[in-house]
Amino acid sequence: MRITAEDVVWSAAGTPVVRGVSAEVAPGETVGLLGPNGSGKSSLLRCLAGLRAPDSGTVRYDGESVRGWDARRIARRVAFVAQEGGADGELRVADVVGLGRTPYRSRWRGPDAADRAVVDAALDRVGLTALAGRPWKALSGGERQRAHIARALAQQPRALLLDEPTNHLDVRHRLELMELLAGTPQTVLVVLHDLSLAARYCDRLLLLHRGRLAACGPPADVLTEEQLAEVFEVDAVPAPDALGRPSVAYRGPLRPAPPPAGAPAPVPVSRSVPDEK
Ligand SMILES: Nc1ncnc2c1ncn2[C@@H]1O[C@H](COP(=O)(O)OP(=O)(O)OP(=O)(O)O)[C@@H](O)[C@H]1O
């Protein structure tokens, strides 16, 4: 499914957060959504997932505006995985994953054999089959994360939108998830903070800076030394890793430029002598 943002604007409490973003994710593409903390990634992702109505601009699925669509219609197209998804502590893992079938069920019908088969397949894809009967509250953070991804897969969407899905995962599960996302036929838009992971697994990257699209394109075109300095404020270079795969090497955070010679000395932040009362 093709997801299109046309000049999307979204504000929180009167402050613009997403400032006129136009971008497209093509059917089957795996696209990384990058940017520093607070740059508007989650807010844009929620607009694209139909969870927030933009103040202005249009979100389209396969060319059709989603404005006014109900949750069920959207959930048959798009599955959203939040940064910290919750669930009722009394549920079992398979029940949480089974919530992904909700858009296909009437209110009066429980899960049938076909639903259970989809849930089993989703649990298998994230390696959680052995934990299917375990209480939700007994899971570790990484296991919950994988269960939420299984819930999204059980939704059988045409597109997966994921907000930092790797943040609780150990190295192996992180790599497994990225392979799953890169290999799935569905359209994927995924927020990532690990630039090397994004460079390696994503077809294209969208780079947000202060709510605007600073760059978009193949990883090598987006993760340039200049963009890394300008947007992320780091001294870094795109450099293949030891196995020759795309990666980013960091020298460190960028330091503010030293004041020119003759400039007044900076005011000290702390005082050694307490203020007189
Ligand atoms: N509902 C809200 N009310 C007030 N401010 C909000 C709201 N949602 C987002 N913001 C603000 O908008 C800015 C962008 O937030 P957003 O969560 O979209 O950023 P992000 O790029 O996903 O950040 P991070 O990498 O830290 O998760 C932040 O300054 C945030 O505090």
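In this chain, numbering begins with 1 at the start of the sequence shown. Start at 1 and go down the list; that is how both ligands and their atoms are numbered.
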Item to check | Ion pair check, E64 and R77, cut-off under 4.0 Å | outcome: no
Checklist entry - Do any non-hydrogen protein atoms sit less than 4.0 Å from atom 31 (O) of ligand 1? => result no
Next on the checklist: Any atom of ligand 1 sitting under 4.0 Å from a heavy atom of S39?
Outcome noted: yes
Checklist entry - For residues Q145 and N167, is any side-chain donor paired with an opposing acceptor at under 3.5 Å? => result yes
Next on the checklist: Any heavy atom of G40 closer to ligand 1 than 4.0 angstrom?
Outcome noted: yes
Checklist entry - Atoms of ligand 1 less than 4.0 Å from W10 heavy atoms? => result 8 (N)
Checklist outcome for this item: Ranked by distance from atom 23 (O) of ligand 1, the top protein heavy atom is G38 N, 2.9 Å
Checklist entry - Is there a side-chain contact between R144 and K137 (heavy atoms, below 4.5 Å)? => result yes
Item to check | Minimum heavy-atom distance V18-L44, with the two atoms named | outcome: CG2-N, 3.7 Å
Item to check | Atoms of ligand 1 close to P36 [distance to a heavy atom under 4.0 angstrom, numbered from 1] | outcome: 21 (O)
Next on the checklist: Can you check atom 6 (C) of ligand 1: any protein non-hydrogen atom closer than 4.0 Å?
Outcome noted: yes
Checklist entry - Tell me, do V231 and P36 make a side-chain contact under 4.5 Å, heavy atoms counted? => result yes
Item to check | Best match, P16, S42, S43: closest heavy atom to atom 22 (O) of ligand 1 | outcome: S42
Next on the checklist: Starting from atom 26 (O) of ligand 1, what is the nearest protein heavy atom, named by residue and atom, and what distance separates them?
Outcome noted: N37 ND2, 3.1 Å
Checklist entry - Counting heavy atoms only, which of G14, S11, G211, A12 comes nearest to atom 10 (N) of ligand 1? => result A12
Item to check | Pair T187-E29, side-chain donor/acceptor within less than 3.5 Å | outcome: no
Item to check | Per-atom contacts of ligand 1 with Q83, taking only distances under 4.0 Å to non-hydrogen atoms | outcome: 27 (O)
Item to check | Atoms in ligand 1 flagged as close to H193, the criterion being non-hydrogen separation under 4.0 Å | outcome: 25 (O)
Checklist entry - Does any donor atom in the side chain of Q156 or R76 lie under 3.5 Å from an acceptor atom in the other side chain? => result no
Checklist entry - For S196 and V248, which heavy atoms make the closest approach, and how far apart are they? => result OG-N, 3.0 Å
Next on the checklist: Give me the residue, atom name and distance of the protein heavy atom closest to atom 21 (O) of ligand 1.
Outcome noted: K41 NZ, 2.8 Å
Checklist entry - Which residue holds the protein heavy atom closest to atom 11 (C) of ligand 1, what is that atom called, and what is the gap in Å? => result V17 CG2, 4.2 Å
Next on the checklist: Using the rule that Ile, Leu, Val, Met, Phe, Trp and Tyr join whenever any side-chain heavy atoms are under 4.5 Å apart, tell me whether L195 and L208 fall into a single cluster.
Outcome noted: no
